[in-house]
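Notes for the one structure printed next.
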Amino acid sequence: MYEGIVQELIDELGRLPGIGPKSAQRIAFHILQTESVDVSRLAELLTQIKERVRFCEICGNVSEEDTCTICRDPRRNAQTICVVEEAKDVVAIERTREFRGLYHVLGGAISPIDGIGPDDLRIKQLLQRLADGTVTEVIIATDPNLEGEATATYLTRMLQQPGLRVTRLASGLPVGGDLEYADEVTLGRAFEGRRVVE
Amino acid sequence: MIVRHLSLVDFRNYETAEVELHPGANLFVGRNGQGKTNLVESIGYLSTLSSHRVPSDQAMIRSGADAAIIRARLQHGDRQLLVEAQLNRSGPNRAQVNRGAVKPRELSRYVSSVLFAPEDLALVRGEPSGRRRFLDGVLVQRNPRLSGVLSDYERSLRQRNMLLKSARASGLKNAPLSTLDIWDERLIEFGSELMAARSELVAELEPHTRLAYAAIAGDSHDATLSMQFSVLDSARDDDEGLHEEAVRHGAIDRALAASWFSEALERSRRQELERAITLVGPHRDDLVLTLNGLPARGYASHGESWSFALALKLATAEVLRQHSTAGDPIIVLDDVFAELDASRRERLTEAIEGYEQVLITAAVFDDVPAPLAAHTVHIDSGRIVEAS
Ligand SMILES: Nc1ncnc2c1ncn2[C@@H]1O[C@H](COP(=O)(O)OP(=O)(O)O)[C@@H](O)[C@H]1O
Ligand SMILES: [Mg+2]
Ligand SMILES: [Zn+2]
């Protein structure tokens, strides 16, 4: 245990995902020893990020405007929507350069243990986007783990409607893994091999 | 395969230990509490990545130390292999094969062992959960991919139980339950694979168990194995007792298991909603042991129970031997001989004769038949004091 504010900082850092007590301590001491201009810049970013960044009204991706750069880009193919769990998955798929359509971010996956049911995800918004018939294909790219698969099954049932093709990313993705950690090659191949569900 | 040399650093009560081992029997002798079980536990750990005594790895790191290291030089035919596991107090464990990093769970592809200890009497006399754990452990040793199926099944079960609980709590049964059939599907997918794999293993173990029982007990009692499937018995809601109609002999395939499972879920739906828990599935199954047609649990004498438990472990060794490309599993007999009468000791000695390597621990040297004592190591408070 350290004195007051130092320990508070360590505790706070330790609450961040992927950071254990040892890393938290290392980061805290790094901050203590760093030039104060650099630290101020970091502190400023941390306070601003919550004010400046919001979620795209259309797809749910992170954005500094009402809608994100992908939704605003006229060159994107508006007939295809790729459904992902988190905004970070959008970044992972963009890295492959394989996909030129639009996205829909669900905000998680169905998981009763975490208290997340279908109503807690942006599924209603997805159905609204499909209402005018522009979209002809929905690609489900939820994580290839238990909850991601369950969510994909649920979505597939909700999306049964004439004129709409529903596909699921092909396997080849590491089983039990997170989409965001898949490398470009694997993700790219999974896109090529996507298939119609049922 | 055999372990040629074992090195321990900060493992249990060993600060450091270097042990030379031989083909055939190796005996470890020392008073109680000196570190005999600890030593053989380290080899069990390499093959199963878990201890037979504790669920967490922390207890295996010497108190006050940050990491424990188990290093074994293995030999299979002309091939030598150096495998190493490092258990860390904080942070993930690490593993190496021939000094190259591998995922810890890969180790079990190189090392296989079957351990028998007095606690294994619970296989015959204890709760069904212990028998399920035994079967699942062998399944994973035989086919490591199944550890993923097991954990997916357990997680599906937790998800489904949580859904049932929140449905009951919210009172509005329909909203959360719109996803129940999705979890049913997951449960059936992984559960049916588990049921089929277990039943296939049991069918494979049975003839070996029967032979091993006869060899150890020295009588003609008929030892049989079968699976009791909770999905065939949805009326009951306990985890106890023998229900004849749910007992099936021999292997079943996945499709049959899946159809039983989905029918059972349908039958028990109302009861499951009321009780907010999943009442049927492989998490409620049991391995049924019978001796001359009577359930061993409850009927078998103390000596018969011992013979049965031993026979199950010897049958396991035989099955692993047949599936392995790396030779025999290492047989570990921890504190076993003290529990056996003279004739059973002799018959056990014969039964293990054909295995490439056997590790035996005993508090009393004279409890172990002479042919097994050719290579004896004395252990005293976490130190190897003398080898002969
Ligand atoms: N993590 C540990 N650190 C230090 N000592 C330990 C640790 N785990 C167990 N021990 C000690 O090991 C001894 C038991 O060794 P064990 O191998 O079970 O004995 P036995 O020779 O009877 O089989 C006990 O004295 C126990 O305190
Ligand atoms: Mg012991
Ligand atoms: Zn957008």
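Naming: A, B, ... by sequence-line order, numbering from 1 per chain.
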Neighbour count above 12 (heavy atom, 6.0 Å) for [X] [atom1]:
{"X": "Q161(A)", "atom1": "CD", "answer": "yes"}
{"X": "I49(A)", "atom1": "CD1", "answer": "no"}
{"X": "R105(B)", "atom1": "CZ", "answer": "no"}
{"X": "R158(B)", "atom1": "CZ", "answer": "no"}
{"X": "F55(A)", "atom1": "CZ", "answer": "no"}
{"X": "E35(A)", "atom1": "CD", "answer": "no"}

Non-hydrogen atoms of P112(A) and L163(B) that approach each other most closely
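Minimum heavy-atom contact is CB-N, 3.8 Å.
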Considering only heavy atoms and a distance below 4.5 Å, find which of K165(B), M162(B), Q159(B) pairs most often with chain A.
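Highest number of pairs under 4.5 Å: Q159(B).
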Which portion of S156(B) sits near chain A, non-hydrogen atoms under 4.5 angstrom
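For S156(B), the contact with chain A is made by backbone and side chain together.
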Spacing of CD1 belonging to I116(A) relative to OG1 belonging to T179(B), to within rounding of 0.5 Å:
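It comes to 12.0 Å.
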Taking G117(A), S111(A), G20(A) one by one, which has the highest count of heavy-atom pairs under 4.5 Å against chain B?
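Top option by heavy-atom pairs under 4.5 Å: S111(A).
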Validation row: E149(A), D152(B) side chains within 4.5 angstrom (heavy atoms):
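E149(A) vs D152(B): side chains apart.
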Is R155(B) close to N145(A) at the side-chain level, that is, under 4.5 Å between some pair of heavy atoms?
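No, their side chains stay 4.5 Å or more apart.
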Report, in residue-number order, which members of residues 185-194 of chain B are under 4.5 Å from chain A by heavy-atom distance.
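E185(B), R186(B), F190(B) fall under the 4.5 Å cut-off.
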With side-chain contact (heavy atoms from CB on, under 4.5 Å) as the test, would you mind laying out the steps for L146(A) and W183(B) before giving the verdict?
CA-CA 10 Å; L146(A) 181 67; W183(B) 294 110; 3.9 Å; yes
